[in-house]
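These notes are about the structure you will find just below.
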Amino acid sequence: MLKCTFCGRRAAYNRRYAGVLLCDRCLIKSVEKRFRRAIAEHKLLLPGERVAVAVSGGKDSVAAMHLLVEYCRLKNCELVTITIDEGIKGYRDQSIGVARDNAKSLGIEHFVVSFKRIFGATLDQMARRARARKTELNPCTYCGVMRRSLLNQAARELEADKLVTAHNLDDEVQAIMLNYVRADFSRLHRLGPAYSPREGFVPRIKPLREIPEKEVALYALLRGLEVHLAVCPYVGGIHTEIRDFLNLLEANHPNSKFMILRMFDRLKPQLARIVPEFEMRRCKSCGEPTSAIICKSCELLKGLGLRRLRKTLISPKSS
Ligand SMILES: [Zn+2]
Ligand SMILES: [Zn+2]
């Protein structure tokens with residue numbers, strides 16, 4: 001029997017990048033410790049703040065929600081949850097129920113904001129329109145831009161001081177690599193434990209950023225959390241290729257993911273110095289903050305022959 005390096009109980013996980021074995025209890029303790037350390041080290045949350053957490057129902061966001069409940073109780077923070085319903089048949093419809101159940105069992109207010117209600121079309125319908133119009137863009141582009149924008153707006157309407165997203169180490173390193181490959185400088189410099197923004201934006205924080213995906217999954221499993229395990233049907237292309245490449249790298253050279261993250265974090269202050277300043281305005285169409293005349297969401301909708309139906313997201317009845 002392989003034993004936990006720390007306590008001698010039966011090992012449940014081989015943390016190769018650190019050269020240690022962990023039992024179930026020590027793994028849970030370690031994840032909780034890293035979560036609290038990330039918050040303290042980067043001052044992600046302050047006592048008494050109102051915190052919105054984006055919950056899809058997947059393992060990462062459900063784990064984040066449970067970790068936050070305990071943290072918020074200690075620090076006197078208030079917690080609300082937001083789920084974006086993009087309208088992905090057979091995928092999101094199931095995960096919303098999981099998000100709702102978790103919120104209910106923890107006694108946290110839960111809000112659902114749907115693409116269909118706000119934009120007049122589900123992501124599935126947008127994907128069909130994009131194909132019919134032969135645009136170069138794939139569904140992940142629409143989803144990424146629109147979801148980010150709705151999450152920010154919902155958090156702002158709910159008067160949250162911070163918006164938590166459940167990006168783990170793997171997500172963050174994939175994003176770093178993707179922006180390198182695409183030479184997307186402005187997206188690259190927005191990555192990090194916290195994105196502190198300008199007027200109209202709720203600061204986004206990522207307390208799971210230094211926890212590998214496997215460890216978040218194991219944490220959820222060992223704590224017996226109810227999670228939605230399916231993979232989004234639209235995932236593919238370069239995202240998958242970069243993920244597979246990073247996993248291969250990590251398998252052959254343990255600790256590579258952390259090294260990429262550390263390198264990026266050291267470079268980031270330098271990046272900030274050379275990012276061009278731009279003026280913040282309000283989108284002419286929807287009123288959301290943007291550097292252009294029309295925000296990216298509205299521009300994408302226009303390209304699909306759609307337009308936004310509602311400006312306000314959170315009505316008293318949408319919880
Ligand atoms: Zn142990
Ligand atoms: Zn707009």
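Atoms within a ligand are numbered from 1 in the order they appear, just like the ligands themselves.
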Please note down the angle at the Zn ion (ligand 1) between SG of Cys7 and SG of Cys4, to the nearest 10°. 110°
Classify the ring geometry of Tyr17 against Phe258: parallel below 30°, tilted from 30° to 60°, perpendicular beyond 60°. tilted
Please report, to 10°, the angle around the Zn ion (ligand 2) from atom SG (Cys295) across to atom SG (Cys298). 110°
Parallel, tilted or perpendicular: rings of His228 and Tyr91 (30°, 60°): tilted
Rounded to the nearest 0.5 Å, how far does SG of Cys26 lie from CZ of Arg15? 10.0 Å
To the nearest 10 degrees, how large is the angle at the Zn ion (ligand 1) between Cys23 SG and Cys26 SG? 100°
pair Lys206-Thr165: side-chain heavy atoms closer than 4.5 Å: yes
